[in-house]
Amino acid sequence: MKMAGRKKQLSTGNRLGMYVISAIIMVLLAVFLVQSHSLRAENAAYAAQVEDLEQQLQDEEVRAEEIDELSDYLNSDEYIEKLAREKLGLVYEDDVIYRVAD
């Protein structure tokens with residue numbers, strides 16, 4: 001009968017060990033699930049930030065093109081002529097000038 005008593009003790013010890021191992025596995029699984037959720041939320045935030053930065057990059061590229069066009073215009077003969085006529089009052093020799101009598 002001593003054998004039957006030992007078997008009972010071993011099976012109780014095995015059950016306790018299985019419960020402990022199961023509990024540890026459940027805790028680890030819960031930790032992994034929480035971390036997974038946290039990483040997904042962080043990934044979504046980074047994806048939104050990437051989209052925002054890409055939009056800012058496109059806006060800056062458009063702005064750079066506008067600045068280049070303005071720079072080309074400011075260096076053109078057309079702008080220089082317009083500036084000379086408006087600011088300096090210069091005219092070509094064959095231009096007819098009208099003066100309004102006060």
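Everything numeric in this text was worked out from a predicted model, so none of it was measured.
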Review point. In chain order, what residues pass the salt bridge (charged side-chain N to carboxylate O under 4.0 Å, His left out) check against Glu60, with sequence neighbours excluded?
Key: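 Glu60 satisfies salt bridge (charged side-chain N to carboxylate O under 4.0 Å, His left out) with Arg63 once adjacent residues are dropped.
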Mind listing the side-chain donor-acceptor pairs of residues 38-58 below 3.5 Å, one per line with the distance, residues two or more places apart or on another chain?
{"from": "Asp52", "atom 1": "OD2", "to": "Gln56", "atom 2": "NE2", "distance (Å)": "3.4"}
{"from": "Gln55", "atom 1": "NE2", "to": "Asp59", "atom 2": "OD1", "distance (Å)": "3.1"}

Review point. Which ILVMFWY residues can you reach from Leu29 by hopping between side chains whose heavy atoms are under 4.5 Å apart?
Key: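 Besides Leu29, the hydrophobic cluster comprises Leu33, listed by chain and residue number.
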Practice item. If you link ILVMFWY side chains whenever their heavy atoms are less than 4.5 Å apart, which other residues fall into the same cluster as Leu88? By chain and number, please. Key: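 Members besides Leu88, by chain and number: Leu90.
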**Study point:** Pairs involving residues 48-67, ordered by first then second residue, that meet ring pair (Phe, Tyr, Trp, His ring centres under 6.0 Å) (sequence neighbours left out)
**Key:**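 Those involving residues 48-67 do not exist here.
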Practice item. Could you note down all residue pairs passing ring pair (Phe, Tyr, Trp, His ring centres under 6.0 Å) where residues 73-96 supplies at least one of them, sequence neighbours left out? Key: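 Passing the test, one end in residues 73-96: Tyr73-Tyr79.
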**Study point:** Non-neighbouring partners of Leu28 that pass side chain to side chain contact (heavy atoms under 4.5 Å, CB included), sequence neighbours left out
**Key:**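 Partners of Leu28 under the side chain to side chain contact (heavy atoms under 4.5 Å, CB included) test: Ile24, Phe32.
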**Study point:** salt bridge (charged side-chain N to carboxylate O under 4.0 Å, His left out) contacts touching residues 71-87 (sequence neighbours left out)
**Key:**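 The answer is Glu81-Arg85, Arg85-Asp95.
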Check your understanding: OG of Ser76 to CD1 of Ile80: how many Å apart, nearest 0.5 Å?
Key ->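 Those atoms lie 6.5 Å apart.
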Check your understanding: Roughly how far, to the nearest 0.5 Å, is CG of Leu74 from CD of Glu69?
Key ->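 Here the interatomic distance stands at 12.0 Å.
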**Study point:** Main-chain N/O of Ile67 paired to Ser71 side chain as donor or acceptor, under 3.5 Å
**Key:**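 Not at all, since once roles are kept as given, no pair shorter than 3.5 Å links the two residues.
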